[in-house]
Enquirer: 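Below: one structure in C-alpha cells.
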Amino acid sequence: MKVMKFGGASLKDKTNFCKTANIIMSEKMPKIPVLSAIYGVTDLLEACIKDSKNNETLIKSHIEEIKNRHYIMASQCIENLSILNSTLQNLDERIQKLERLLYGIAYTEEVTKKVYSLILSFGERLAVVTMAGVLSSLGAEAQYLESDKIGIITDSNFENASPVMPLVIENCAKNVLPLLDKGIIPVITGFFGCTPEGKTTLFGRNSSDYSAAVISSGIKASALEIWKDVDGFMSADPKIVPNSHLIDKLSYYEAAELSYFGAKILHPRTVNPLIKHSIPLYIKNFNSPEKIGTEVGAHEHQKETIIKSVTYNENISVLKIEGSGVGSKPGIISEIGSRLSHLGVNIYSIITSQTCINLLIDKKTSKISYDALKNMENGVIESVSLKDDEVVIAVVGIGIDRTPGLAAKLFQSVAQKNINIEMISLGASEVAIYFIVNQKDLKESVKAIHDDFFSKGE
Ligand code: ASP
Ligand code: MG
C-alpha cells in the first residue's frame, strides 16, 4: 500500500482538484491520499485569526470566502447530487465550528496556541471532506479521516509537534488499515495530529509532506509519493541555471540536506520518519504523472560528478559572536542556544573558531536573536554583530567527504569569478559542503559551480 500526498497547488482549482482525484483513482495499489489544505486556505485562516481579534465584523466575510471556495469546488467536481448534498453538509458542520471559534477569539481577545492550532487545521479538514466526496462520485468507496480523530498522536508542542510513533502505529492499525482491507480509500488530513488528550497540534507551517511521512511510517507503507507541480529535485534552480537537469535518485540524507538549504521541493523533516523502515519516497509531477520524478531512498548512489545538486538559501542571517576567549569558555554555546530556543529561534548551523561563533539563523528571526544575544557582551563576548545580506550555497552529493580535490575544484570555480567566500562548513555533513557569499554574488556562484561540475564535465 502506498501513501499519496497532495499539496495545496494540486488542489488549487477545479482542473487541478479533478486531476488529483483522477491520479488517485488510477492507482491500482491500495492507497491512502494525504491532503494539505486547498491553495491559500491556511494563509486565509491565519488572516481570520488576526482579524477576529481586532475586528469582529470581518468574521462573516472571511467565513463566506472559505465556504464559497469549498462549495464551488465540491459543486464543480461532484456530479452525483446526493453525494454533493452530504458533502456540503459535512463542510457546513465544520465551517460552523470554525465560525464559533473565531467569535470566541473576538470575545476573549485572546488566541492560545491550542486555539490557533485548532483553527489552522480547518483547511485540511475541509479539503479531505471535499476530496472524499469527489472520489465517491467517481465511483470509489472513500472515507475522509481527520488526524486527531484517528489518533496521529504527538507531543504537546502545539505549533511544531513531533509524533509519538508507537501510538501512531497502534492507532493506524485500529483506524486506517481496516478501511483498506474493505477496499475503502481513506483520505487523511495532513499538517496536524493531536496530543494524547485529543487536542489538535500542528507539525509546523508547510509540514504536510512531513505528516504524510509520519502516516507512511505509521502504516509501514511500501512507498510515499509526494505530488508537486515540478518534476522533482533539480541539479540547480532552473531560474538561475536554465540547463539544469532532473536528479533521478537521492539518498535520504542528500534529500534532507537539499531541503534544509534551499530546494523548496520537500519539507526538511520529511525523510526522518521514513528512514527506520527504508520507505522509498517519490517526487511526482501531477501535471505529468507519467514522468518518473525523483526517487529518495536508502540507496547510496555515487555519481561520477560526485555533486548532484547546487542549491542556496537566501533567507538566512549570520550572527557573529566574537571574543578572544570564546573557544575556551565552557557552556557558552549552551547559554546561546538556550537564549535562542526560549524565543523559538532555530539555529540552522554553527561555524566556530577559537575567537568567533557564527550562527546561521532564519532572517525572520535575526532581529530578536540579535537583541537576545547583544546583552551577553561582557568579558568573554566582546561583540555581537548581524549580517543580513548573506546567502548560503550548498553543494550536495554522496562521496563529497571522501573525494580528494573536490573542495579545491569547488572553491576554484567560485574564485575564478573573483567572488569572495566569507565562510565555509566542510566535513560536518558527509554529503554536503556549505559556504557563504554575499547576496550579490549568488547567481554567478551557482552558475559557475554548475557549469564546472556538469555542463563542461558531461
Ligand atoms: N496547509 C498547511 C500550510 O499551508 C500545510 C501545508 O501546506 O503543507 O502550512
Ligand atoms: Mg500550504
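What you see is a predicted model; the values in this text were computed from it and never measured. Ligands are counted one by one from 1 in listed order, and the atoms in each one are counted from 1 as well.
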Enquirer: Using a plain distance cutoff, I'd like to know if K5 has any nitrogen or oxygen under 3.5 Å from a nitrogen or oxygen of ligand 1.
Expert: no

Enquirer: Which of the atoms in ligand 1, numbered in the order shown and given with their element, are less than 4.0 Å from a heavy-atom of T42?
Expert: 1 (N), 2 (C), 3 (C), 4 (O)

Enquirer: Does either side chain, that of R339 or that of S369, offer a donor lying less than 3.5 Å from an acceptor on the other one?
Expert: no

Enquirer: For a quick check under 3.5 Å, do S235 and H450 share a side-chain donor-acceptor pair by atom type?
Expert: yes

Enquirer: Could you tell me whether the side chain of Y434 reaches within less than 4.5 Å of the side chain of I436, counting heavy atoms only?
Expert: no

Enquirer: Scan side-chain atoms only and decide if E314 and Q439 contain a donor-acceptor pair under the 3.5 Å cut-off.
Expert: yes

Enquirer: Looking at R205, which atoms of ligand 1 are within less than 4.0 Å of one of its heavy atoms?
Expert: 3 (C), 4 (O), 9 (O)

Enquirer: Of all the heavy atoms in G7, does at least one lie under 4.0 Å from an atom in ligand 1?
Expert: no

Enquirer: Report yes if D209 has an N/O atom closer than 3.5 Å to an N/O atom of ligand 1; otherwise report no.
Expert: no

Enquirer: What atoms of ligand 1 come closer than 4.0 angstrom to any heavy atom of S208?
Expert: 5 (C), 6 (C), 7 (O), 8 (O)

Enquirer: Whether E146 and R125 form a salt bridge (side-chain N of Lys/Arg under 4.0 Å from carboxylate O of Asp/Glu) is what I want to check.
Expert: yes

Enquirer: Give a yes or no on whether a salt bridge exists between D13 and K19, defined as a side-chain N under 4.0 angstrom from a carboxylate O.
Expert: no

Enquirer: Is the closest heavy atom of E124 to ligand 1 under 4.0 Å?
Expert: yes

Enquirer: Counting each atom of ligand 1 from 1 as listed, which ones have a heavy atom of S36 under 4.0 Å away?
Expert: 1 (N), 6 (C), 7 (O)

